Amino acid sequence: MPGLTAPSDYAEEPPRHPDLRINSKEPFNAEPHRSALVSSYITPVDFFYKRNHGPIPKIDDISRYSVSINGLVNKHIQLSMADIRLLPKYNVTATLQCAGNKRTAMSKVRKVRGVGWDVSALGNATWGGAKLSDVLELVGIPKLSSVTALGGKHVEFVSVDRCKEEKGGPYKASIPLKQATDPDADVLLAYEMNGEIINRDHGYPLRVVVPGVIGARSVKWLDSISIIKEECQGFFMQKDYKMFPPTVDWDNTDWSTRRPQMDFPVQSAICTLEDVDVIKEGKARIAGYAVSGGGRGIERVDISVDGGKTWVEAHRYQKSSVPYISDGPQSDKWAWVLFEATLDVPANAEIVAKAVDSAANIQPEKVEDIWNLRGILNTSWHRIKIQNSRSKM
């Protein structure tokens with residue numbers, strides 16, 4: 001692509017905050033400490049998790065950058081950043097979450113493959129950009145379309161990012177055309193993050209944001225958009241990010257038997273305590289996040305201090321000035337919900353959190369029941385063990 005290059009090595013990586021927990025250096029993958037996540041509803045850019053499959057592409061000349069739209073449409077076009085900025089701008093607050101969030105806990109049950117994420121491989125940002133539904137109208141695809149006149153049913157996003165899994169080719173993913181052309185799905189071509197120009201780590205100059213869907217579909221460093229008949233055949237759609245049962249391991253894997261994962265299930269985590277922690281007996285603030293995919297709100301977050309025998313409902317909130325109502329018109333439907341409860345914590349307690357979304361989906365109790373070879377979608381109850389608690393002074 002003119003104006004955009006993918007470096008051949010890792011010599012020109014962008015600067016990052018020193019407090020990030022680095023899970024791999026090449027490619028760079030990092031997350032903030034869990035306590036940083038509950039310090040604010042909107043995650044600061046510096047503390048938004050970094051997920052990469054190769055070196056970070058670097059812009060040479062933004063004036064020469066463009067995105068091509070091609071495939072099963074009658075009109076093929078090239079869009080510059082100036083063209084995209086001429087379209088109506090929308091701001092969408094949405095949580096992006098890596099499918100491997102909480103993978104480390106799953107690997108303790110049985111070995112899995114993948115980056116060892118704690119509970120912070122997600123973040124909540126306000127993304128600014130053009131709606132994909134508006135962009136696709138420029139090539140003659142009406143809103144709420146399921147198929148183009150030439151038979152296109154999926155929208156493929158191709159990145160300039162090169163990765164070994166694609167044998168040196170570009171990272172790519174797709175979503176159904178029906179979702180791409182639905183204005184209410186809020187799929188964006190984003191050039192801003194939290195009111196500032198999006199930075200290199202997060203896709204400068206342009207990335208896709210697909211709310212409510214695992215982060216792997218929100219392609220960064222966008223190169224082209226193709227309208228295709230079948231879903232994307234790229235590695236990360238066909239041979240990764242699929243949910244297998246615990247009985248399947250690497251010696252009996254048939255990737256073709258599973259659909260690519262899209263929406264993420266209901267999820268929660270406690271962020272004010274480590275998985276094994278020491279606190280004084282007595283009252284303690286227990287806080288964290290809960291989130292569900294597909295635009296589903298969080299109906300309830302339950303907290304237990306006795307391993308799940310008894311429960312207390314936590315207070316849920318998003319914006320401080322607006323009471324949170326699951327699926328309410330003033331709530332951000334694509335965003336996480338923060339929760340908190342102040343409870344008496346006995347000695348040697350086991351603190352547990354579980355969330356229920358607006359469709360009454362609830363997190364599974366045991367990680368063993370959802371173990372899978374790639375360690376994705378660990379949405380089991382989050383458990384905190386309090387050891388060697390000291391009595392109140």
Side-chain angles (χ1 to χ4, degrees), residues 19 21 31-41 43 47 95 101-102 104-106 108-109 118-122 124 265-292 297-326 328 331 335-358 360-370 378-393:
D19 289 345
R21 169 186 161 181
E31 61 187 307
H33 189 276
R34 59 177 66 180
S35 62
L37 286 182
V38 291
S39 63
S40 62
Y41 173 59
T43 309
F47 291 102
T95 299
N101 193 28
K102 295 169 65 176
T104 298
M106 185 174 281
K108 292 176 181 177
V109 171
D118 187 43
V119 304
S120 303
L122 80 170
N124 191 50
V266 62
Q267 171 76 288
S268 71
I270 296 167
C271 296
T272 48
L273 296 166
E274 296 299 313
D275 287 351
V276 178
D277 214 328
V278 177
I279 60 174
K280 294 178 181 178
E281 245 185 283
K283 290 197 177 294
R285 179 176 176 265
I286 300 163
Y289 65 79
V291 64
S292 191
I298 297 298
E299 187 64 27
R300 201 175 76 239
V301 178
D302 299 326
I303 307 295
S304 173
V305 295
D306 56 14
K309 295 176 183 177
T310 61
W311 299 92
V312 172
E313 186 173 346
H315 169 65
R316 295 161 295 138
Y317 63 99
Q318 286 184 333
K319 295 157 283 190
S320 58
S321 59
V322 181
Y324 176 76
I325 300 174
S326 176
S331 300
W336 65 12
V337 172
L338 302 182
F339 68 83
E340 63 180 359
T342 299
L343 301 175
D344 282 313
V345 178
N348 302 313
E350 183 181 34
I351 303 173
V352 184
K354 63 180 174 70
V356 183
D357 72 15
S358 56
N361 298 307
I362 191 167
Q363 292 177 251
E365 178 179 353
K366 298 177 181 179
V367 66
E368 292 87 350
D369 295 338
I370 54 172
N378 179 10
T379 57
S380 59
W381 295 2
H382 191 203
R383 299 176 181 271
I384 304 289
K385 294 187 182 298
I386 303 301
Q387 294 184 350
N388 304 318
S389 296
R390 296 185 292 271
S391 298
K392 291 183 284 186
M393 301 298 290

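What you see is a predicted model, and the numbers here were worked out from it, not measured in a lab.
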request  = Would you give the length of the straight line joining atom OG of Ser120 to atom CZ of Phe47, rounded to the nearest 0.5 angstrom?
outcome  = 11.0 Å
key: Atom of Glu365, atom of Ser380 and distance for their closest heavy-atom approach   = O-CB, 4.1 Å
message = Side chains of His382 and Asp275, heavy atoms from C-beta outward: is any pair under 4.5 Å?
response = yes
ask   = Does the side chain of Asn378 reach to within under 4.5 Å of the side chain of Ile370, using non-hydrogen atoms?
value = yes
query = Just wondering, do Thr43 and Trp336 contact through their side chains at under 4.5 Å, heavy atoms?
reply = yes
query = Sequence neighbours excluded, which residues qualify as side chain to side chain donor-acceptor pair (under 3.5 Å) partners of Asn124?
reply = Thr95
query = Residues in ring-ring contact (aromatic ring centres under 6.0 Å, His included) with His315, at least two apart?
reply = Tyr317
ask   = Can you name the closest pair of heavy atoms from Ala349 and Val345 and give their distance?
value = CB-CG1, 3.8 Å
task = Looking only at non-hydrogen atoms, find the nearest pair between Asp357 and Glu299 and report the distance.
result = O-CB, 3.7 Å
message = Just so I know, are the side chains of Asp344 and Val305 near enough to count as touching, which here means a heavy-atom distance under 4.5 Å?
response = no
request  = Please round to the nearest 0.5 Å and tell me the distance separating atom OG of Ser331 and atom NZ of Lys319.
outcome  = 6.5 Å
key: Distance in Å, Lys354 NZ paired with Gln267 CD, rounded so as to fall on 0.5 Å steps   = 14.5 Å
message = Whether the side chain of Ser292 engages the backbone of Ser358 through a donor-acceptor N/O pair (distance < 3.5 Å, no angle test) should be reported.
response = no
request  = Calculate, to the nearest 0.5 Å, the distance between atoms CD1 and CG belonging to Ile270 and Asp277 respectively.
outcome  = 10.5 Å
task = Taking ring-ring contact (aromatic ring centres under 6.0 Å, His included) as the test, write out the residues that go with Tyr324, two or more places apart.
result = none
message = Run the side chain to side chain contact (heavy atoms under 4.5 Å, CB included) test on Val352 and Trp311 for me, step by step, so that the C-alpha distance in whole Å, both residues' side-chain angles and the decisive distance to 0.1 Å come before the verdict.
response = CA-CA 9 Å; Val352 184; Trp311 299 92; 3.8 Å; yes
query = What is the minimum heavy-atom distance between Val119 and Lys102, and which atoms define it?
reply = CG1-CG, 3.8 Å
message = Tell me every residue that passes side chain to side chain contact (heavy atoms under 4.5 Å, CB included) with Ala314, counting only those two or more places apart in sequence or in another chain.
response = Val301, Ile303, Phe339, Ala341
ask   = Is Lys385 atom NZ crowded by more than 12 heavy atoms from other residues, nucleotides or ligands, each under 6.0 Å away?
value = no
remark   = Here the gap from Ile286 atom CD1 to Ile384 atom CD1, rounded to the nearest 0.5 Å, amounts to 9.0 Å
inquiry  = Are the side chains of Leu338 and Leu37 in contact, using a 4.5 Å heavy-atom criterion?
reply    = no
task = Quick one: do Ile386 and Asn348 satisfy side chain to side chain contact (heavy atoms under 4.5 Å, CB included)? Show the steps, please.
result = CA-CA 5 Å; Ile386 303 301; Asn348 302 313; over 6 Å; no
request  = Tell me, please, which residues at least two apart from Asp118 pass side chain to side chain donor-acceptor pair (under 3.5 Å).
outcome  = Arg34
message = Tell me the closest heavy-atom pair linking Asn101 and Ala121, and the distance in Å.
response = OD1-N, 3.0 Å
request  = Mind listing the closest non-hydrogen atom pair of Gln363 and Thr379 along with its distance?
outcome  = NE2-O, 2.8 Å
key: CD-CD distance between Glu350 and Gln387, expressed to the nearest 0.5 angstrom   = 11.0 Å
message = Among residues at least two apart in sequence or on other chains, which ones pass side chain to side chain donor-acceptor pair (under 3.5 Å) with Arg316?
response = none
